[in-house]
Amino acid sequence: MKKGQEYTGVVEKVRFPGKGVVRAEGDIPDKNSEREEADAVNAEYCIVKGVVKGQRIRFRVTKKRSGRAEGMLLEVIERSPDEVDAMCPHFGTCGGCSYLNLPYEKQLKLKEEQVKDILYPVFSSKEDLDNVWEGIRPSPIQYEYRNKMEFSFGDASIGGELELGLHKVGSCYDIISVKKCCIIDSDYRDILTETLAYFRGKETPYYHKKDHKGYLRHLIIRKAKKTGEILVDLVTTSQSLKDTPCTFVSLLEDYKELLLSLKLEGQIAGILNTINDSVADTVINERTDILYGSDHFFEELSGLRFKITPFSFFQTNTLSAEVLYETAREYIMSTIVCNAVSETEGDVQDERERENKPVIFDLYSGTGTITQIMAPIAKKVVGVEIVEEAVRAAISNSELNGLHNVEYICGDVLKVIDDLKERPDIIILDPPRDGIHPKAIKKIIDFGVDHILYISCKPTSLQRDLEIFLAQGYMPSRICAIDQF
C-alpha cells in the first residue's frame, strides 16, 4: 500500500484502543523498486480507527513507515453482522462514543478480548491467564450514565452560527450540537439546549483558538446520580463584550435566571462562572465566581458521601464506579479473611479480628475514594497523592464520613515512599494512565508485602508494570475487567 491511495478491505480485528486491523483487498499498485515491494508486502494490513470487526470499508492510507500503514475511514461499504443501528442520532459524526453500533454484550466481549490480548504476552501461556481471569463486569446502566460533561462553544463550519456541543469526529475545530446525546440524561440536554439558544439570542462571541479572541469557551455540567444535585459552570474569558448589546453583569444575571426557571428532574445546587484566559484548548481554572448557590454538591458512593466541585476528580460513571470499588473491597476482604482464618486456626473472635485488621497503603489515592472505602476493613489506611487539591478534597471527605483511621500524604509516590515509617500489610495501586514509575515499582516491591491490588485505567501500562512485578516473584491470583465506558 502507498500513502494517499484508497483501498477497500474487511476489518479483521479491533485492538486497544479502538484500532481496527484491516486487510486490503485486490492487487497492490505497481512497485518501483524492490524496497517498495517489500514494504507493500509488509503493509498489506492497515490500522484504521472508528471501525468494528466484520465491516467492509473504504479507507485512505494517511501514513506509512517501516512497513506499517495507518489510514482514515472514508466509507462503510458493508456493515458487520454484529452491527445494529445506534440509539444516538449523533453517533458517527460526534467524536464522543465508539461502540454504540454494537449490542452491549458484543461491546463487553470486544473489550474483554482487547484486555486479554494485551496481557497474554506477560504470561507463560494463555492458560495461565485464563486460570486467573474472572471475566468482565458490566456497567449497571448503558445510557444516561455520565455524571459530568464538558461541552465546547464554537461553530460547525467557518463563519457558521454559534454551536455548543462536542467536537466533530476527526476535527479539532468543528463543534456539533448534541441535543439528543444518549449518554446524558434529560437535565443535561435541557441545560445544553437552553444555554445555546440564550447565547445565540444575545449574539455572544465564542473564543477563537486561532486569534485568541472571544468570550464563551466551555460549559461544564455535573450531576450527582444519587442525590440529583446539579452544578453548572460557564467557562469564559475575561475579554470585553463591547461589540455586543449587553454587559457581563446583565448577561450572566439573565443566564442565571434562565437556568433557575428550567423544570428539571434534579435540583441546581450551584451556578458558576470560571474565568480561563489561557490559550490552551482545555479548561484551566484561573478564577471561579459563584452566580448562585454553592461551588460544590454532594454525591453518594458505596454508602459514603463525597463533596464534589467542578474540577474534582470523580469517576464519571457513578454506578459502574461502585462496581469497581466493591470489586476492590471484595478482593481485599478475601485476602484478609484467608489470613485471619490461617492465623487463628478458624477461631476468629471479634477482638482478634480488630487486631488482625491490616495496615493498607493506597498509593496514587486521588481524592481518597478508595482510601475511604477500605477504611472500615482496615486498621489504618495511608493515602499518597501528588495533587494538592485532591488531597484537600480527600481530607474533607474523610471528615464528612467520620473516618478517623485514614491519613493522607501529599507528594510524589516515588519520593514519599522513602519517608514512610509505617510498614503496610497490603498495598493498593491506582496510578495515572501512564502507570508506575519503574523506580517506584522497585521501592514498592521492597516493602515485601504478600498482596498488592493494582487498579489500572490503561491495560498497556498494566502490561508493562506487571512484567516487572512478575520478574520479582509476584504472581497474579485474580484479574477482572470493569466496564466504565
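- The two atoms that bring D82 and P103 nearest to each other are O-CD, 3.2 Å, heavy atoms only.
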Test side chain to side chain contact (heavy atoms under 4.5 Å, CB included) applied to Y364 and I436, step by step
CA-CA 9 Å; Y364 311 95; I436 307 170; 3.3 Å; yes
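- Between L110 and K53 there is no side-chain heavy-atom pair separated by less than 4.5 Å.
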Apply the test side chain to side chain donor-acceptor pair (under 3.5 Å) to residues N397 and T367: give CA-CA distance (whole Å), side-chain angles for both, the deciding distance (0.1 Å), then the verdict.
CA-CA 8 Å; N397 286 324; T367 53; 5.5 Å; no
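- At distances below 3.5 Å, not a single donor-acceptor pair connects side-chain atoms of E75 with backbone N or O atoms of I77.
- When side chains are defined from C-beta on, V449 counts as touching I452, because their heavy atoms get closer than 4.5 Å.
- E322 places no side-chain N or O within 3.5 Å of a backbone atom of L301 that could act as its donor or acceptor partner.
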Under the criterion side chain to side chain contact (heavy atoms under 4.5 Å, CB included), I'd like the reasoning laid out for I428 against I370: C-alpha separation, chi angles, the key distance, then a yes or no.
CA-CA 9 Å; I428 298 175; I370 295 174; 4.0 Å; yes
Please evaluate residues I220 and V283 with respect to the criterion side chain to side chain contact (heavy atoms under 4.5 Å, CB included), reporting the C-alpha separation (whole Å), side-chain torsions for both, the decisive distance (0.1 Å), and the verdict.
CA-CA 9 Å; I220 299 173; V283 177; 4.0 Å; yes
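- A donor-acceptor contact closer than 3.5 angstrom is absent between the side chains of S461 and D434.
- With contacts defined as side-chain heavy-atom distances shorter than 4.5 Å, the pair R200/E161 qualifies.
- Across every non-hydrogen atom of F314 and R222, the tightest pair is CB-NH2, 3.5 Å.
- Taking CG of L192 as the start and OG of S177 as the end, the distance is 5.5 Å to the nearest 0.5 Å.
- Although no hydrogens or angles enter the test, the distance criterion places a donor-acceptor pair under 3.5 Å between the side chain of Q267 and the main chain of T227.
- Between F151 and V178 there is a side-chain heavy-atom pair separated by less than 4.5 Å.
- For the pair L231 and I221, the minimum side-chain heavy-atom distance is 4.5 Å or more.
- Expressed to the nearest 0.5 Å, how far CD1 of I455 lies from OH of Y331 amounts to 10.5 Å.
- Checked against side-chain contact (heavy atoms from CB on, under 4.5 Å), A156 has the following partners two or more places apart in sequence or in another chain: E163.
- Using a 4.5 Å cut-off on side-chain heavy atoms (C-beta onward), L264 and I230 make contact.
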Enumerate donor-acceptor pairs with a distance under 3.5 Å from any side-chain N or O in residues 293-300 to protein atoms, sequence neighbours excluded.
residue, atom, partner, partner atom, Å
S294, OG, H296, N, 3.2
S294, OG, H296, ND1, 2.9
E299, OE1, K226, N, 3.0
E299, OE2, K225, N, 2.5
E299, OE2, K226, N, 3.4
E300, OE2, R305, NH1, 3.3

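- Every side-chain contact (heavy atoms from CB on, under 4.5 Å) that S152 has, sequence neighbours left out, goes to H167, I175, H218.
- In this structure Y198 satisfies the ring pair (Phe, Tyr, Trp, His ring centres under 6.0 Å) test together with Y255, sequence neighbours excluded.
- Applying the 6.0 Å contact sphere to NZ of K209 captures more than 12 heavy atoms from other residues, nucleotides or ligands.
- With sequence neighbours excluded, the residues forming a side-chain contact (heavy atoms from CB on, under 4.5 Å) with N317 are S139, Y145, L319, S320, F485, listed by chain and number.
- You'll find the side chain of T204 stays beyond 4.5 Å of the side chain of L162, heavy atoms only.
- Legend: residues meeting side-chain contact (heavy atoms from CB on, under 4.5 Å) with L108, ordered by chain and number and at least two apart, are Y104, I136, P138, D483.
- Residue pairs meeting the salt bridge (Lys or Arg N to Asp or Glu O under 4.0 Å) criterion with at least one partner in residues 8-22, sequence neighbours excluded, are K13-D117.
- Between the side chain of S396 and the main chain of A393, no donor-acceptor pair closer than 3.5 Å is present.
- Looking at heavy atoms from C-beta onward, D85 lies out of side-chain contact with N101 at the 4.5 angstrom threshold.
- Sorted by first then second residue, the salt bridge (Lys or Arg N to Asp or Glu O under 4.0 Å) pairs that include residues 181-192, not counting sequence neighbours, are E144-R189, D185-K223, D187-K223.
- Across all non-hydrogen atoms, the minimal contact from G54 to P81 is O-CD, 4.1 Å.
- Among residue pairs with one or both ends in residues 461-479, those qualifying as salt bridge (Lys or Arg N to Asp or Glu O under 4.0 Å) are E134-R478, E330-R478; sequence neighbours excluded.
- Within the structure, no pair that satisfies the ring-ring contact (aromatic ring centres under 6.0 Å, His included) test touches residues 112-134, not counting sequence neighbours.
- Taking CD1 of I427 as the reference point, atom CG of L429 lies at 6.5 Å (rounded to 0.5 Å).
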Please assess E25 against R23 for the test salt bridge (Lys or Arg N to Asp or Glu O under 4.0 Å), listing each intermediate value before the final yes or no.
CA-CA 6 Å; E25 298 174 343; R23 185 185 182 97; over 6 Å; no
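- Residue pairs satisfying the salt bridge (Lys or Arg N to Asp or Glu O under 4.0 Å) criterion with at least one member in residues 123-133, sequence neighbours excluded, are listed as follows: K116-D130.
- Within the structure, the ring-ring contact (aromatic ring centres under 6.0 Å, His included) test picks out no pair touching residues 60-102 (sequence neighbours left out).
- Within the 3.5 Å criterion, the main-chain N or O of C457 finds a donor-acceptor partner in the side chain of R433.
- E113 has no carboxylate O lying under 4.0 Å from a charged side-chain N of K111, or vice versa, which leaves the two without a salt bridge.
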